[in-house]
Structures are given as structure tokens and as C-alpha cells.
Visitor: 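Take this structure first; my questions come after.
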Amino acid sequence: MHFVAHVFGWLTTGDNWFGGDGLIHELRQHVQVSAAAMIVAIVIALPIALLLGHYRRGGVVAINVANAGRALPTYAVLVLAVAAFGIRSPRGLAWTGSAVTFLALVLLAMPPILTNAYVGMRAVDAELVDAARGLGMRDLQVLWRVELPVALPLVMAGIRTAALGVVATATLASWTGYDTLGTPINIGIAVNDNVQVFAGALLVAALALVVETALAGAQHAVVSPGLRARDRLEMGLARPR
């Protein structure tokens, strides 16, 4: 109880939140680099996965490449990127740290987005696709109006998995000199301040919960009620009517 009171006291101290190296600054940078990495990963990986799934070609290669990316630890990517580009640059330490972190997070986010979207597209009932073609729909119409809506639960699951991984891994960015919510954790470890370490970890967990809740709400909004009911039935969370 004494330790919890110290953590609460640290989190409610204004000096820890404001200023150039305060928690608000670190939270803003944490969100910025995470959001930028997610946007770029979605823009790159999602169209590739949708097209591969639609045409049923190249999927095995794409999934194997994605799985190889998953096997590469993000910390190792950070080390390799720092080795390649260096910690310092003509524009300053923060710019290089953000660039290295951004690159590593994009590589981390792409595999689950690519794999889930491809599997979701392949899982669409072939008879449903044939029926759409029989109605005169063209390829892109079939993809956009039939396959993608059916695949959306798995597509969103991949995006949610990637987002949680990115938010959690962005804590490593402080190692490159880019301040995120990992900074108070690293400083706490360096000075043996367990209160600061726990408070920083608590903030990262809270941010992850906020992101997960927001994406779950987005998934609920874009997935049709029929598909949501089907998924609940398959998971044993609802009774067949």
C-alpha cells in the first residue's frame, strides 16, 4: 500500500507532467510515432494483402515474408537501424531517434496486418464471390463490395494486434534518444527508482487499453451485425437461433 501511494503521488505531481521533458511531451511523441508507423504500415501492407487474397496468388510468399519479419526482434531492428544511420545526424539527435523508431515500428506492424488481411480474404466463401460475378460485378467491385466487408473482422483483428504491439514497443524508442513513455521507465531503472518504473509502465498499459478500446469500437462500427453475430456464434458466445 505504501508503494502504491508513492506511485500515485509521482503520477499526480505536476512537475512530472509539464515542461520539455515532462510526461505530456513524452506521451505526445509516443502517440505521434506510433500513429505514423501504423498509418504507413496499413497503407503498404493492406492493399498488398487484399490484392493477393483477391487473386489467390503469391500469398504463401507474402505470409512467409511476414512471418520472417515477426521473428526479427524489434530491439534488433533498432540496433541495426542505429548501426546503419547512426545516433546523431545533421538535424539532431531527436530526428534520428524518431526516424529509427518509426522504421522499426513500421516493420513490426506490417506482418499481422498483411497476414490477417490475406487470410480474411481467402476465407471468403467462393460461392459468394461467384454469385457476385454472376450479377455482373467487376473485379474491384467484388473486392470492395463483397470480399472486403466479409473479411473485415480478420482485417481489423490484424490492425488491433499491430497497434498494441506498436504502442508497447515504442517504449524502446528512448534507447535511441527519442523520448516516449519508455523514458521514465529507463530513467527509473538507471537510478533504481522502482516507483518511477512502475508509474511509467502503468501509463504505457493505460495507453494500450485506450488504443484497444478505440479500435474495438471502430471494429464494432464497420463490421456488419450479421458478421458480428456469426463470430460470436463461432466463439461459443451466443446461441444459434
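Just the heavy atoms: all of them, side chains too, but no hydrogens, waters or symmetry mates, feed the values below.
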Visitor: Answer yes or no: is there a donor N or O on one side and an acceptor on the other, between the side chain of H6 and the main chain of V195, under 3.5 Å?
Guide: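 Looks like no, no N/O pair under 3.5 Å.
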Visitor: Check V167, I113, L105 against M38 for a side chain to side chain contact (heavy atoms under 4.5 Å, CB included) and give me the one that passes.
Guide: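 Looking at V167, I113, L105, the match for M38 under the side chain to side chain contact (heavy atoms under 4.5 Å, CB included) is I113.
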Visitor: Would a distance-only check, ignoring hydrogens and angles, find a side-chain to backbone donor-acceptor pair under 3.5 Å from S34 to V31?
Guide: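 No; zero donor-acceptor contacts below 3.5 Å.
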Visitor: Taking T180 for its side chain and A170 for its backbone only, find out whether a donor-acceptor pair lies under 3.5 Å.
Guide: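 Checked: pair present.
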Visitor: Working to the nearest 0.5 angstrom, can you tell me the gap between L46 CG and L148 CG?
Guide: 7.5 Å
Visitor: May I ask you to test the D139-Y55 pair for a side-chain heavy-atom distance under 4.5 Å?
Guide: yes
Visitor: When Ile, Leu, Val, Met, Phe, Trp and Tyr are grouped by side-chain heavy atoms lying under 4.5 Å apart, directly or through other members, which residues fall in the same group as V43?
Guide: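 Traced through the cluster, V43 reaches I39.
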Visitor: Would you check if the side chain of T13 reaches a backbone N or O of D15 as a donor-acceptor pair within less than 3.5 Å?
Guide: no
Visitor: Are the side chain of W17 and the backbone N or O of L11 linked by a donor-acceptor pair below 3.5 Å?
Guide: yes
Visitor: In Å and rounded to the nearest 0.5 Å, what is the CD1 to CG distance from I44 to L107?
Guide: 9.0 Å
Visitor: Would a single hydrophobic cluster contain both L203 and I189, if residues Ile, Leu, Val, Met, Phe, Trp and Tyr are joined by side-chain heavy-atom contacts under 4.5 Å?
Guide: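 Both belong to a single hydrophobic cluster.
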Visitor: Flag yes if L172 and L164 sit in one hydrophobic cluster, no otherwise; membership is Ile, Leu, Val, Met, Phe, Trp, Tyr, and two members link when side-chain heavy atoms are under 4.5 Å apart.
Guide: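 Hydrophobic grouping puts L172 apart from L164.
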Visitor: Do W144 and L51 land in one hydrophobic cluster if side-chain heavy atoms of ILVMFWY residues count as linked below 4.5 Å?
Guide: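 Same cluster.
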Visitor: Just wondering, do L181 and I185 contact through their side chains at under 4.5 Å, heavy atoms?
Guide: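 Side chain of I185 against side chain of L181, heavy atoms only: no contact under 4.5 Å found.
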Visitor: Could you pull out the closest heavy-atom pair between G53 and M121, with the gap in Å?
Guide: CA-CB, 3.7 Å
Visitor: For the residue pair G165 and T169, what are the closest heavy atoms and their distance?
Guide: O-OG1, 2.6 Å
Visitor: Of all the heavy-atom pairs spanning L154 and N116, show the shortest one and how long it is.
Guide: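 For L154 versus N116, the nearest heavy atoms are O-CB, 3.2 Å.
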Visitor: Identify the heavy atoms of L202 and V7 that sit nearest to each other, and give their distance.
Guide: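 In this case the closest contact between L202 and V7 is CD2-CG1, 4.4 Å.
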Visitor: Mind listing the closest non-hydrogen atom pair of A109 and V166 along with its distance?
Guide: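 Nearest pair, atom of A109 first, then V166: CB-CG2, 3.7 Å.
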Visitor: Hydrophobic cluster membership, with links at side-chain heavy-atom distances under 4.5 Å among I/L/V/M/F/W/Y: are W10 and I187 in one?
Guide: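 Result: no, two separate clusters.
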Visitor: Does V222 belong to the same Ile/Leu/Val/Met/Phe/Trp/Tyr cluster as I42, with side-chain heavy atoms less than 4.5 Å apart forming each link?
Guide: yes
Visitor: Report, as yes or no, whether the 6.0 Å neighbourhood of atom CZ on R145 holds more than 12 heavy atoms from other residues, nucleotides or ligands.
Guide: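 Result for CZ/R145: open.
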Visitor: Looking at L140, I want to see if its CG is surrounded by more than 12 non-hydrogen atoms of other residues, nucleotides or ligands under 6.0 Å.
Guide: no
Visitor: Please report the interatomic distance CD(E26) to OG1(T183), rounded to the nearest 0.5 Å.
Guide: 4.5 Å
Visitor: Could you tell me whether the side chain of Q141 and the main chain of R138 form a donor-acceptor pair under 3.5 Å?
Guide: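 Such a contact is found between Q141 side chain and R138 backbone.
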Visitor: How long is the straight-line distance from CG of N16 back to CD of Q196, given to the nearest 0.5 Å?
Guide: 7.0 Å
Visitor: Nearest 0.5 Å, please: how far is CD in Q32 from OG1 in T101?
Guide: 12.5 Å
Visitor: Looking only at heavy atoms, which two atoms of L215 and M156 are closest? And how far apart?
Guide: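 Closest approach of L215 to M156: O-CE, 3.9 Å.
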Visitor: What distance do H54 atom NE2 and E147 atom CD have between them, rounded to the nearest 0.5 Å?
Guide: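 Going from NE2 on H54 over to CD on E147, the span is 5.5 Å.
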Visitor: Do the ring centers of F102 and Y178 come within less than 6.0 Å of each other?
Guide: no
